[in-house]
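Before any comments, here is the structure.
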Amino acid sequence: MTAIEATGRPKRSETCLIVGGSSGLGRALAERFAAQGYAVVLISSDRRDLDALAADLALRFGIESASVSMDLCASQLALEELERSLEAMPPLSVVLAPAGVNSDDDGIEQASSTHEALLRGNFVSLCRIISHCLPRLTAAPAGLIVGFGSVAAVRGRSRNVAYSAAKRALQCYFESLRHALSEGRIEVQFYVLGYLDTNLAFGKRTPIRRASPTRLAEYIYRRRADSFGVKHYPAIWRPICAVVRWLPWSVFRRLQF
Amino acid sequence: MSPTERAVAGLEPTRFSTFDGGFASTNLLQRPDRYRHIEADLGHAKRIARGGGMSYAAASFGSGSIVQQMTAFNRLLAFDRDRRTLRVEAGAEIGSLAAWAADRGLLMPVLPGYPTITVGGCIAADVHGKNPLRDGTFCDWVTAMTLYHPRHGMRSLDPLRDREVFEATCGGYGLTGLIIDATLRLVEQRGAAFAIEATPVASLQQATEAVALGSRSHEFAYSWHDGTLRGSAFGGGIVFAGSWTGELVMGQGKYGDGRSSRAMTAESRGKWPVCLWNRATARLGNAYFRRRALRCSPEVKSPSDAAFPFARQTLYHRMFGRRGLAEVQVLVADRSWSDFTERLAASVERIDPPLMMLSIKRLRGRSRSLGFSGEGSLIALDLIRSSTTSRFLDALDTLVLETGSQPNLAKDSRLPQAVAAATLPQYESFREQLRQWDPDRLYESELSRRLEL
C-alpha cells in the first residue's frame, strides 16, 4: 500500500520527531503532522503506547513511523536507538518536545532524587535529545524546533517546585537555541501552555477552561513557519502571567495556588 | 508516587445519562490514554468501561462505579489485506473504521445505527446491523480480542481456545473486564451505494413476510410502522429493502460525518427542556415520513447514510427532549409471532400509549451470554415517555414473558430483573460464570445491578 493509496495525498520526504509523543498533546501533534505526510518518530516511556500509535499513524496516513522507548527521567537515554530510527527515516526537519512530567510530591522538602528525576524529565533529557538532533536539523533545507513550557513556571511557588524550575530553565534554553540558530534556516518556537484537557489536568480544579490539545496541535502546525520567540496558549494566559509576574512580593507570598 | 510512575489518571465527577434519558447519575470518570492507566491499581473500587455512551440502558455507568472512558484507545493496530482482518483498539468508533475500510473497498458487515458507537460497545452489547438474519451479530465477525481484568491481567482471547471467556465477553456488557482490542473480519464492498425500495404494507403480518423475503433477496430489509394508527389501520407502514448499486451519490453523507462536533451524544440528545413530540406532531411527522419515503422510492443512499440514518438526521431523537423516549426491542420466535402481534395490537388499543413507531427485522442469534438466541422477528417500539407508557410497558413485559420472547437489554433502560431472568436463555449460566471469573465482581453498572448480575 502506498501513501497515496492510503490517504489520497502524497507523503513528504521529511521526518518529525516528537518527544513525549504517545498521549495528550504529543499524540495530537503526531496525528496532525502525520496527516500532512510527515514521517514520524515517537519517543515516550511505554513501548505499548508507542507501538500502538506508530501502527495507527502508518495505517491511517500511510506514512513511515517508528517508536523509541525512552524514560526521560532516567539518567541514561537510549540515544543509539533514536539514532538508528532516524537513520532509517527521511531527513529530520521537525523536533517537537511536548514531554512533561509532574508529580504530586513536588514540594520544597522532597527528596533530591524526585527533584532530579523531574529536572531530567522536563529539562535535561529534552536538551540532550535536541542537541543530539541538531546536526541533522541544520543539514535540512528548513527546520523547526518547538518547546513547551508552563504557566506554572511564571513564578516560583511552594508547589511544583522542580517542575516549574525545569520549565523555566527550558524556556531559557530555547531562547539560547533561537539565538544560536538565528542565522540559519531553523525556526525555534516556545509555547507557554495553560491548562490542557489532558490527563495532566484532568480531575483537578482549574480556574480557566482547559484547552483542547487537538486545537493546539492545529494551531502549532499552522504557525510552523512563523518567526516568534514565545507564545502563550491560550492567549489569555499572557496578561495573567504578566500580572502574576509583577505582583509585589508582599501580595504574592500570601497567594495559595 | 515517583514522577516516572504517574500511573493513575485523574478522576473527575461527571454526569452521565442513558440515550433514552430514562436514567442518569453522577460517577467518577477516568480517561485512560496509556496502557499503564488501565493497569493502575483502583483497589476494590467498582468500575465499568464506557465507549460512545449511546446505549439506551445504563450499561456504562451507575452504581457508584468508576467510569473508564476508553475512547483514547482508538488506534488501528494491524491490517492483513489478504485475510481482510483489522486489529483495532476497543475505543475506535465504527463510523471512522467504516470510512477507513471503505477507502480500501472493504466493509464492516455489521454496523449498528450510530457512527460514534465504539468497537468495545459493539462487542459488549453484541449489536446487530441491518441484516442480522444473514450477517448475524457483531461478535460473529470478531476473531480475537484482548481483555483486561485486574485478577487475570491482559489476556489474549481466542474464540476456540478461550471459548468460555470469549463468549461471555461477547454480549457480556463489559462485566468480564475491559475490552482492549479486537480483530475484526471485513468483507468486500460490492457497490458504491444502496438503492432502497419502499413498499407500503397494511399490517405487521404482511410486513414480516416481506421483511423475511427481503432479508434473503436483498442486502437488508426492515419495516417501519406508524405508531399513531389504531384499529384496523394499526400495523400500517413501509417495508424498506436495499440492494447495492453502482450509482454514485452526490452530496450524501460519508462515513465519519457523525464524528463532527455536532455529533449527537446521550447528553446532547436531551438538551431541549420539553418534548416536542405529542399525538398531533407524531401523526404529522409520521405522515410526512411515509409520504416522503414512498415518493422518493427507490432512493439511492450512500453506504454511510444507509448504515447510520440518524447520524445526520438527529431531529427525531432530539425532539423527545429531556424527558426522553422509551424504546423496547424484542425477539419473537416465529411460533409465537401471530399471538404476539395480536396481543400487542390489543394492548395498544386498550391502553392507547403514545407510540411513535414500530420496526421489524429478521434476526438469528447465537445465544451468547446476555444476547439473543434463535431465529425470529425483532420488533422495536419507540414511545413518548408518560404514565400511560409505563402501563403499556408493564403489559408488554407480561406479553414477553407469556410468549417466551427475548428483550434486548441495550434498548431498554427499565427492564425488570424478573423479565430478563425468565426470558434470556443464558441468564443463569452467565451469572454463574461471572462469579467464577470475577469473584469480587469488580465490573458493575446500573444495568448489572438492576438485573442482579
Side-chain angles (χ1 to χ4, degrees), chain A residues 1 5-8 22-24 26-27 31 44-62 71-74 100-106 110-111 113-122 162-163 166 197-206 210 212-214, chain B residues 1-14 28-40 66-69 71-82 85-92 96-97 99-106 146 148 154 180-181 254 256 259 261:
Chain A
M1 176 172 55
E5 275 176 352
T7 65
S22 67
S23 65
R27 179 172 168 182
E31 289 171 348
S44 188
S45 56
D46 193 323
R47 169 67 67 191
R48 296 172 298 177
D49 298 319
L50 285 170
D51 288 348
L53 185 57
D56 180 69
L57 297 176
L59 282 169
R60 278 200 292 146
F61 303 114
D71 182 359
L72 297 178
C73 295
V101 185
N102 67 7
S103 168
D104 292 336
D105 303 326
D106 185 11
Q110 206 54 42
S113 59
T114 305
H115 281 177
E116 280 171 22
L118 285 169
L119 291 172
R120 279 196 293 269
N122 291 296
Y163 174 79
D197 191 18
T198 65
N199 269 322
L200 273 179
F202 191 70
K204 293 177 181 155
R205 283 189 183 179
T206 51
R210 299 185 287 246
S212 155
T214 310
Chain B
M1 187 191 308
S2 79
T4 49
E5 287 294 319
R6 288 176 298 106
V8 183
L11 300 171
E12 196 163 284
T14 306
L28 286 175
L29 172 67
Q30 184 199 24
R31 298 190 313 188
D33 61 0
R34 299 173 187 214
Y35 280 90
R36 68 169 175 250
H37 293 161
I38 283 177
E39 293 166 335
I66 292 171
V67 174
Q68 298 185 292
Q69 176 70 262
T71 44
F73 284 79
N74 63 348
R75 295 163 288 207
L76 311 183
L77 300 177
F79 174 53
D80 186 329
R81 184 182 276 280
D82 297 331
T85 58
L86 175 67
R87 184 167 166 236
V88 62
E89 288 181 324
S96 59
L97 284 185
W100 184 89
D103 286 346
R104 288 148 186 84
L106 298 171
T146 306
Y148 175 75
M154 288 280 179
I180 305 297
D181 63 58
K254 290 179 184 165
R259 257 194 119 181
S261 54

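Letters A, B, ... are given to chains in the order of the sequence lines, protein chains preceding strands, and every chain is numbered from 1.
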Scanning both residues in full, the closest heavy-atom pair of A:Arg60 with B:Trp100 reads CA-NE1, 3.9 Å

Exercise. Is A:Arg27 reaching over with its side chain to a backbone N or O of B:Ala72, donor-acceptor style, under 3.5 angstrom?
Worked result: yes

For B:Glu12 and A:Gly203 the tightest heavy-atom approach is OE1-N, 2.8 Å

Correct closest heavy-atom pair for B:Asp33 and A:Ser23 would be OD2-CB, 3.5 Å

One should read off an interatomic distance between A:Ser45 OG and B:Arg36 CZ, to the nearest 0.5 angstrom, of 4.5 Å

Heavy atoms of A:Ala52 and B:Arg75 approach each other most closely as CB-NE, 3.6 Å

Applying a strict 4.5 Å limit to non-hydrogen atoms, the region of A:Asp197 in contact with chain B is both

Whatever's closer than 4.5 Å to a heavy atom in chain A on B:Leu29 counts as both

Handout entry: Non-hydrogen side-chain atoms of A:Asp49 and B:His37 separated by less than 4.5 Å
Key = no

Between A:Leu59 and B:Leu77 the two heavy atoms that sit nearest each other are CD1-C, 3.9 Å

Residue from A:Lys204, A:Arg205, A:Arg48 scoring the most non-hydrogen pairs under 4.5 Å with chain B is A:Arg48

